[in-house]
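Data first, discussion second: the structure below is written as structure tokens.
FYI, side chains are in, hydrogens and waters are out, and symmetry mates aren't considered; it's all heavy atoms of this structure. In listed order, ligands and their atoms are each counted from 1.
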Amino acid sequence: MVALDESLARKCPVCSEFGTPIDSAWNLVECRSCRHVWAKDSQINNDLFESDEYASWRVTSEAIEQRQIDIAKDRIQWLGPVPAGRVLEIGCSTGEAAAEMVARGWEAWGLDLSQPAIAIGHQRHPKVQLGVGVSPDEAGFPASGYDLLMGFHVVEHIDDLDAVSALARDTLVDGGQIYLRLPNWDSWSRRVFKDRWPDNMAEHLQYFSPASMAKWLDASGFEIDRLETLGNARSWVGGLRRAVSSDWNAEETMPTTGDRSQSLIGALNRAGRPLFSIEERFDAGAELVVLATKR
Ligand SMILES: [Zn+2]
């Protein structure tokens with residue numbers, strides 16, 4: 001009889017198989033079956049995202065606000081032409097993506113844990129219904145009847161994946177869709193930079209790859225419409241910056257983005273397109289993007 005290793009005590013949040021600890025600064029565990037990676041015993045919880053300090057980086061200049069709008073437009077553009085309906089965004093921050101949906105004729109609701117982010121969103125986007133909370137209920141939104149649930153760089157922060165699937169199933173109409181974006185653990189930039197990959201951070205609790213995402217959505221009652229990865233300059237520039245930094249600290253949770261690095265990354269996003277296209281062909285881009293339909 002072999003004693004159960006303490007490190008195996010927690011099972012994979014995607015497929016319930018056991019995990020094996022991997023060498024990293026964040027106490028990460030990799031599933032032996034689906035290869036999903038998750039943070040074990042993380043001290044990060046919603047208090048961080050509710051704190052005023054965590055939101056303060058979001059609005060430092062007009063250039064950054066414009067960048068947020070551009071990113072939101074790109075994300076919504078990816079959907080292509082879709083008939084208008086009702087959309088709920090989780091982790092909506094200041095509401096730029098939800099506002100883009102309103103501009104396309106949708107009725108939009110946005111949830112975020114950050115009170116400061118929602119307050120800014122109310123000013124910027126009066127046509128979006130924004131509220132603080134983790135469920136529509138908490139914000140006084142309709143509990144169900146949504147045609148689309150979207151979450152951009154949100155699910156990787158959530159410890160309880162079952163709660164996310166339940167939220168998606170409960171809020172969406174039959175045939176409704178879920179649209180997610182999150183870091184791709186299988187990306188080349190992650191393999192090159194390892195711990196110094198910019199999406200490796202204390203507040204990331206889940207690291208999906210295309211395969212584990214497909215497994216999780218299937219188990220959650222969703223049929224995949226599109227699943228792809230997108231390459232970007234941020235993953236390479238951020239990784240290089242961390243790689244050469246002498247005072248880089250794995251515990252740091254406050255993302256910092258200055259105007260200068262924003263314009264540099266914008267230029268490199270264009271210049272690096274040929275490299276990113278190759279990454280994407282191998283499902284190795286830094287960002288995992290998925291659209292799936294509720295069965
Ligand atoms: Zn698994």
- [ ] Output yes when R124 and E96 qualify as a salt bridge under the 4.0 Å nitrogen-oxygen rule, no when they do not.
- [x] yes
Open item on the list: Taking the side chain as everything from C-beta on, heavy atoms only, tell me whether H157 gets closer than 4.5 Å to H204.
Closed with: yes
TODO: Determine yes or no for a side-chain-to-main-chain donor-acceptor pair under 3.5 angstrom, with N184 supplying the side chain and L288 the backbone.
DONE: no
Task: Salt-bridge criterion met for R242 and D195 (N-O under 4.0 Å) - done: no
Task: Side-chain donor/acceptor of K294 to backbone N/O of L172, under 3.5 Å - done: yes
Task: K40 (side chain) donor-acceptor with N27 (main chain) under 3.5 angstrom - done: no
Open item on the list: Which of the protein's N, O or S atoms come within less than 2.8 Å of the Zn ion (ligand 1), not counting waters?
Closed with: C12 SG, C15 SG, C31 SG, C34 SG
